[in-house]
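None of these values were measured; they are calculated from a predicted model.
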Amino acid sequence: MRRLESGALTKATARGTSMFDLKRSLATAILTAAIWPAATEAQTWKEVTMSRQLEGTRPVRAQVSYAAGTFSLSSTSDPLLYRMALRYDEEAFEPRAELSGDRLIIGLEGSGRRFSLKRSATDGWMELQLARGVPMDLDLEFGAVRADVDLGGLTLTDLELSTGASESVIEVSELNPGRMERAEFEVGAADFTLNGLGNLGAETVSLEAGVGQVTLGLDGAWQSDAQVEIDMGLGALELRVPEGLGIRIRKDSFLTSFDSEGLVKRGDAYYSLDWEEADRKITVDLNAAFGTVQVVWIR
């Protein structure tokens with residue numbers, strides 16, 4: 001995959017709508033850049049593995065943050081709350097893994113020393129596994145990261161995911177045993193793919209995207225009707241819809257190309273041909289400024 005440059009672009013909006021607060025994206029980009037102040041000393045790489053034994057299955061609020069490098073997340077059936085392996089520049093970062101009450105904090109934080117501006121600053125990696133069977137409110141925050149995340153197997157009761165200038169592939173490979181009212185995704189200047197959204201078990205999914213390419217897969221085992229809210233700035237959106245899933249798209253766009261193949265317009269919305277007969281119905285509220293929107297039907 002190509003690496004995206006860090007930064008946030010100001011996006012145009014139509015008729016005063018605030019489709020995505022790029023102040024947060026800009027702040028993320030500035031924070032990402034700030035971890036590499038101009039310095040020339042050599043980097044000192046270190047590899048460590050950290051874990052914590054599982055003590056019961058009481059709910060956990062997990063906050064995971066990673067600024068730069070390669071990141072992966074999956075579930076584990078081992079009797080562990082988490083297992084984290086990482087490679088990092090110990091001149092720049094210190095690993096953090098803390099459990100206080102029901103709050104779990106995992107990630108890297110600045111060590112307070114000077115950092116390197118070299119490209120190899122992004123050569124670090126983190127591999128994280130979280131426990132199956134533990135009800136979890138999960139908050140994921142990425143900077144300039146290539147992320148490969150599989151949420152399948154986790155028991156999620158709440159989900160928030162935000163990215164800066166990243167390449168992220170999010171899979172929900174198994175049905176979430178938990179249920180949540182809302183899942184939120186905020187994407188900066190990024191290539192972002194989310195597959196298996198139906199397995200997430202969320203009544204409402206919110207996706208806010210600034211600049212880039214977004215692919216949203218509506219496949220998975222939807223347990224009830226749901227709503228998907230999409231707020232796009234500048235870029236391309238591909239909606240991948242499985243045949244047999246009823247979909248309704250309500251669109252408010254400005255200078256956006258919309259490919260509505262397989263849909264029929266009724267009033268102010270576009271409907272799949274089998275909307276009335278479908279067992280599960282998904283309503284997509286789409287707000288887009290500049291770019292393209294394409295609906296792709298999958299088997």
Side-chain angles (χ1 to χ4, degrees), residues 45-90 93-109 111 123-143 145-163 166 168-185 193-203 205 219-223:
W45 293 101
K46 185 175 182 179
E47 295 186 13
V48 300
T49 300
M50 307 172 70
S51 63
R52 185 181 183 93
Q53 290 293 316
L54 185 63
E55 299 176 359
T57 57
R58 68 181 187 273
V60 171
R61 295 180 297 142
Q63 179 180 338
V64 179
S65 59
Y66 192 63
T70 301
F71 175 86
S72 67
L73 171 64
S74 60
S75 63
T76 178
S77 298
D78 292 342
L80 298 172
L81 179 59
Y82 67 84
R83 178 191 289 116
M84 176 176 64
L86 65 163
R87 179 178 188 263
Y88 66 99
D89 178 9
E90 63 179 347
F93 300 103
E94 293 177 349
R96 186 180 184 189
E98 300 176 2
L99 178 64
S100 178
D102 67 346
R103 188 181 183 193
L104 174 65
I105 300 176
I106 291 179
L108 286 176
E109 60 182 16
S111 64
D123 288 344
W125 47 260
M126 176 188 290
E127 297 176 355
L128 176 63
Q129 293 179 308
L130 295 173
R132 287 175 172 260
V134 175
M136 190 173 298
D137 289 1
L138 182 59
D139 185 350
L140 299 171
E141 297 183 7
F142 302 142
V145 171
R146 296 176 62 181
D148 186 0
V149 174
D150 186 356
L151 300 174
L154 298 179
T155 302
L156 299 176
T157 54
D158 188 77
L159 176 64
E160 295 184 17
L161 185 151
S162 60
T163 74
S166 69
S168 301
V169 177
I170 315 299
E171 302 277 350
V172 191
S173 61
E174 300 178 32
L175 181 62
N176 176 19
R179 291 292 178 266
M180 67 181 79
E181 292 185 2
R182 189 176 185 89
E184 298 183 357
F185 301 87
T193 299
L194 172 58
N195 293 319
L197 190 58
N199 286 334
L200 199 53
E203 297 177 10
V205 176
D219 52 317
W222 294 93
Q223 300 300 294

J.: Calculate, to the nearest 0.5 Å, the distance between atoms CG and CG belonging to L197 and D219 respectively.
T.: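 Output value for this atom pair is 8.0 Å.
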
J.: Treating Y82 as the side-chain partner and M50 as the backbone partner, does any N or O pair qualify as donor plus acceptor under 3.5 Å?
T.: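 Here the side-chain-to-backbone pair does not exist.
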
J.: Spell out, as yes or no, whether a donor-acceptor pair under 3.5 Å connects the side chain of T157 to the backbone of M136.
T.: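 Side chain of T157 to backbone of M136, a donor-acceptor pair under 3.5 Å: yes, one is there.
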
J.: Please assess W125 against E47 for the test side-chain contact (heavy atoms from CB on, under 4.5 Å), listing each intermediate value before the final yes or no.
T.: CA-CA 9 Å; W125 47 260; E47 295 186 13; 3.9 Å; yes

J.: Of the non-hydrogen atoms in S168 and F142, which two are nearest, and what is the gap between them?
T.: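 Nearest heavy atoms, S168 then F142: OG-CD1, 4.2 Å.
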
J.: Please indicate whether E181 has more than 12 foreign heavy atoms, meaning atoms of other residues, nucleotides or ligands, lying under 6.0 Å from its CD.
T.: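 Check fails, neighbour count at 12 or below.
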
J.: So, taking the atom named CZ in R52 and the one named CD in E98, what distance separates them when rounded to the nearest 0.5 Å?
T.: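 Interatomic distance, R52 CZ to E98 CD, rounded to 0.5 Å: 10.5 Å.
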
J.: If only atom types and distance count, is the side chain of T155 paired as donor or acceptor with the main-chain N or O of G178 below 3.5 Å?
T.: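 Not a single qualifying donor-acceptor pair exists.
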
J.: Report the distance from atom CD of E160 to atom CD of Q63, rounding to the nearest 0.5 Å.
T.: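 Between atom CD of E160 and atom CD of Q63 there are 9.5 Å.
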
J.: Is there a donor-acceptor contact under 3.5 Å from the side chain of E171 to the main chain of V169?
T.: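 Such a contact is absent between E171 side chain and V169 backbone.
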
J.: Looking only at heavy atoms, which two atoms of M126 and L86 are closest? And how far apart?
T.: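 Closest heavy-atom pair between M126 and L86: CA-CB, 4.1 Å.
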
J.: Quick one, Y88 with E90, criterion side-chain contact (heavy atoms from CB on, under 4.5 Å). Give me CA distance, side-chain angles, the key distance, then yes/no.
T.: CA-CA 6 Å; Y88 66 99; E90 63 179 347; 3.8 Å; yes

J.: So which atom in I106 and which in L128 form the shortest heavy-atom distance, rounded to 0.1 Å?
T.: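 Closest pair (atom of I106, atom of L128, distance): CD1-CD1, 3.9 Å.
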
J.: Measuring from R182:CZ to E203:CD, what's the distance to the nearest 0.5 Å?
T.: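 Interatomic distance, R182 CZ to E203 CD, rounded to 0.5 Å: 11.0 Å.
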
J.: Please walk me through it: do Y66 and L140 pass side-chain contact (heavy atoms from CB on, under 4.5 Å)?
T.: CA-CA 8 Å; Y66 192 63; L140 299 171; over 6 Å; no

J.: If I take atom CG from residue D158 and atom CD from residue E184, how far apart are they, to the nearest 0.5 angstrom?
T.: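 One finds 7.5 Å between CG of D158 and CD of E184.
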
J.: So L54 and L80, side-chain contact (heavy atoms from CB on, under 4.5 Å) or not? Walk me through it.
T.: CA-CA 4 Å; L54 185 63; L80 298 172; 5.5 Å; no

J.: What's the spacing between R132 CZ and D78 CG if we round to 0.5 Å?
T.: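 Result: 11.0 Å between the selected atoms.
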
J.: If you compare all heavy atoms of V134 against all heavy atoms of T57, which two are closest, and at what distance to 0.1 Å?
T.: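 For V134 and T57, the tightest heavy-atom pair comes out as CG2-CA, 4.4 Å.
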
J.: Could you report the tightest heavy-atom contact between G152 and S173, atom names first, then the distance?
T.: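 Closest approach of G152 to S173, heavy atoms only: CA-OG, 3.7 Å.
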
J.: Could you check if a side-chain atom of V48 sits within less than 4.5 angstrom of a side-chain atom of M84, using non-hydrogen atoms only?
T.: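 No - every pair of side-chain heavy atoms lies 4.5 Å or more apart.
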
J.: Of the non-hydrogen atoms in L200 and N176, which two are nearest, and what is the gap between them?
T.: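 Shortest heavy-atom contact: O-ND2, 2.9 Å.
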
J.: For the side-chain contact (heavy atoms from CB on, under 4.5 Å) test, which of D150, L151, V64 pairs with L73?
T.: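 Answer to the side-chain contact (heavy atoms from CB on, under 4.5 Å) test with L73 among D150, L151, V64: L151.
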
J.: Look at R61 together with D102 and state whether they make a salt bridge at an N to O cut-off of under 4.0 Å.
T.: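 Yes.
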
J.: Using a 4.5 Å cut-off on heavy atoms from C-beta on, say whether the side chain of L130 contacts that of L138.
T.: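 Yes. Closest side-chain heavy atoms under 4.5 Å.
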
J.: Quick check against the 3.5 Å criterion: does N199 have a side-chain atom that pairs as donor or acceptor with the backbone of A221?
T.: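 Present.
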
